[in-house]
Protein chains: 2
Amino acid sequence: MDRVSFRPPENKALRVEVANEIVRAIANGHFKPGDRLVEQHIAKEMGISRAPIREALRELEGQGIVVTVPRKGAFVSHLGQEDVEELFTLRSVVEGLAARLAATRVSGRDLAQLTRYTEEMVAAARRKDTEAFVARDLTFHELIWTRSEHKRLLKVLDGIRTLTRLFMVISKHALTTDEQLVQEAEGHKPIIEALGARDAERAEAVIRAHITQAGERVAKYLREREQKEEATS
Amino acid sequence: MDRVSFRPPENKALRVEVANEIVRAIANGHFKPGDRLVEQHIAKEMGISRAPIREALRELEGQGIVVTVPRKGAFVSHLGQEDVEELFTLRSVVEGLAARLAATRVSGRDLAQLTRYTEEMVAAARRKDTEAFVARDLTFHELIWTRSEHKRLLKVLDGIRTLTRLFMVISKHALTTDEQLVQEAEGHKPIIEALGARDAERAEAVIRAHITQAGERVAKYLREREQKEEATS
DNA sequence: TGCTGCACAATTGTCGACAGTCTTCAGTCT
DNA sequence: AGACTGAAGACTGTCGACAATTGTGCAGCA
């Protein structure tokens, strides 16, 4: 009797739509770091009331993408090199835990999937298709997150997922040569091996190293970019 | 029941007050796990409108204290033995990072403070003053969090601070004898030593061990309690 | 008796409005 | 001219109301 047919207005909560829209606007530069996000303006722009906007902003605040000052409103966070370092050091330990737990839970099918994702990353790198590359990279990590079967861990990772993606998009230019992209993909192989061996400790160690390394690469890129910006201003 | 006396133009944002009030109600058993949190009822009880309630619930959802089902509302999370284990494994790695960073940043004054807190914990244990004991325990950990000077890490820890406290209160009966309490306090000494030696790696290792151990203790207590509850129902 | 369907009640999601507060800017005084 | 003051404007925090949706109970029917 389940009629999975209708969704007349929208099945999704409006606030989620709004949050996604704002993130997209930040990613493509429509909103820049430090910009003030005026509820009324966004509401008008999207043709809805302020209530869902407020809730969306609250959620983004929880993810550290915007900061709200009482009585003043919400602003786009300044996401500099320091923030990248923080995000990646945090990810290294949290995903380390995820890998440790996943090691005893991944199935053969999961390992095959992970291998496939990595191969597709290499393929995307050869085509210089950074879009697909980033997408696969994220999917790879997300599968491990899921296999940790740790609800609270997933919540934390969910909270930084948007920001992770945001940084990947912003800094996709950090990986310009095939060489670097392939190198990034190669870093996944020790992870798969450790997981395949069901070696929890080693899985945690290698993924920590992998993420730390990736973070340093991105941080270096942003540091250089920030210096250039300062030089020109 | 709760004296809902309040002044209309409170300094703090009303939603924060509401969130605290709800947490308090959960802690003292007014709301039990699985209970439905009806916005209108809470609004009426507190004499305010639903808007701040909604935002507070959204925040608590972000902290995993309540879960919201679309079109159905918010419910108090079931916080069982499994959740304790999750919370503590997560804390072990996240606080591990905090300690690692703090090791290179703590001052002599900080070390003295940490030592003092630990002594006060022992003193509270001798008085069987679990209230003060828990408070000092939390303060000890929070100082290390702060010294990590890692904004995003702090945000994560902030997100689980409420739940941590909640568990401490709920499970304070897990530590019934002086012996256990003192043992808990003793566990802080290796942490202080490692921090004092500015040994980042060791600091991370010992605090991970400490938290893991504490988690197992609480989990064991809750497991037994849950079994008892099942037996009586 | 047991099942089906309808109407009603309860509750969420959303909206528009209003008061209070902070910012800005023009006008005035020194 | 520069500093100060006050008023206008802009925006957030909060409120009450309404429509849509889900759950519930009751009546009708086999």
Side-chain angles (χ1 to χ4, degrees), chain A residues 1-22 25-26 30-63 65-77, chain B residues 2 4-22 25-26 30-63 65-77:
Chain A
M1 295 327 183
D2 313 290
R3 217 170 280 180
V4 221
S5 54
F6 59 98
R7 44 170 197 198
E10 276 161 52
N11 244 349
K12 303 222 161 202
L14 203 42
R15 92 185 82 102
V16 178
E17 289 277 331
V18 176
N20 289 340
E21 197 59 39
I22 294 175
I26 294 175
H30 190 350
F31 290 134
K32 295 187 196 66
D35 276 4
R36 186 170 183 181
L37 298 174
V38 180
E39 298 171 357
Q40 252 172 354
H41 296 174
I42 302 174
K44 199 167 198 175
E45 186 108 3
M46 300 186 70
I48 58 179
S49 88
R50 278 174 47 217
I53 312 282
R54 285 180 66 83
E55 304 193 355
L57 288 176
R58 206 71 60 205
E59 185 175 327
L60 293 179
E61 183 189 14
Q63 299 180 6
I65 293 171
V66 310
V67 296
T68 56
V69 183
R71 291 275 163 208
K72 282 203 61 182
F75 299 80
V76 179
S77 293
Chain B
D2 314 280
V4 224
S5 67
F6 66 68
R7 14 315 171 199
E10 182 72 31
N11 286 344
K12 306 222 153 200
L14 203 43
R15 92 185 84 101
V16 177
E17 289 277 329
V18 176
N20 289 340
E21 197 60 38
I22 294 175
I26 295 175
H30 190 358
F31 290 134
K32 294 187 197 68
D35 276 5
R36 186 170 182 179
L37 298 174
V38 179
E39 298 170 358
Q40 225 167 12
H41 296 174
I42 301 173
K44 200 166 198 175
E45 186 109 1
M46 301 187 70
I48 59 179
S49 87
R50 277 174 49 218
I53 313 282
R54 285 180 66 83
E55 303 193 354
L57 288 176
R58 207 71 61 206
E59 184 175 329
L60 294 179
E61 183 189 14
Q63 300 181 6
I65 293 171
V66 309
V67 297
T68 56
V69 182
R71 294 276 163 207
K72 282 203 61 181
F75 299 80
V76 179
S77 293

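So that the names make sense, note that chain A is the first sequence line, chain B the second, and so on, each numbered from 1. The figures that follow rest on heavy atoms only: side chains count, while hydrogens, waters and symmetry mates do not.
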>> Just the rounded figure in Å: distance from P of D/dA17 to NZ of B/Lys44.
In response: 13 Å

> Taking only residues two or more places apart in sequence or in another chain, which ones pass side chain to side chain contact (heavy atoms under 4.5 Å, CB included) with A/Val38?
Replying inline: A/Arg36, A/Gln40, A/His41

> To the nearest Å, how far apart are A/Glu55 CD and D/dT12 P?
Replying inline: 15 Å

Between the protein and nucleotides 11-13 of chain C, list the N/O to N/O atom pairs that are separated by less than 3.5 angstrom.
{"residue": "C/dG13", "atom": "OP2", "partner": "B/Arg54", "partner atom": "NH1", "Å": "3.0"}
{"residue": "C/dG13", "atom": "OP2", "partner": "B/Arg54", "partner atom": "NH2", "Å": "3.3"}
{"residue": "C/dG13", "atom": "N7", "partner": "B/Arg50", "partner atom": "NH2", "Å": "2.9"}
{"residue": "C/dG13", "atom": "O6", "partner": "B/Arg50", "partner atom": "NH1", "Å": "3.0"}

>> Output the rounded distance in Å from CD1 (B/Ile53) to P (D/dG16).
In response: 12 Å

Show every donor-acceptor pair shorter than 3.5 Å between a side-chain atom in residues 67-74 of chain A and any protein atom, with sequence neighbours excluded, or say none if there are none.
{"residue": "A/Thr68", "atom": "OG1", "partner": "A/Glu61", "partner atom": "OE1", "Å": "3.2"}
{"residue": "A/Thr68", "atom": "OG1", "partner": "A/Glu61", "partner atom": "OE2", "Å": "2.7"}

>> Can you list everything that forms a side-chain hydrogen bond (donor to acceptor under 3.5 Å, both in side chains) with A/Gln63? Sequence neighbours excluded, please.
In response: A/Thr162

>> Tell me every residue that passes salt bridge (Lys or Arg N to Asp or Glu O under 4.0 Å) with A/Glu59, counting only those two or more places apart in sequence or in another chain.
In response: none

Less than 3.5 Å apart, which donor and acceptor atoms pair up between the side chains of residues 43-51 of chain A and the rest of the protein, not counting sequence neighbours?
{"residue": "A/Ser49", "atom": "OG", "partner": "A/Ala51", "partner atom": "N", "Å": "3.4"}
{"residue": "A/Arg50", "atom": "NE", "partner": "A/Glu39", "partner atom": "OE1", "Å": "3.0"}
{"residue": "A/Arg50", "atom": "NH2", "partner": "A/Glu39", "partner atom": "OE1", "Å": "2.9"}

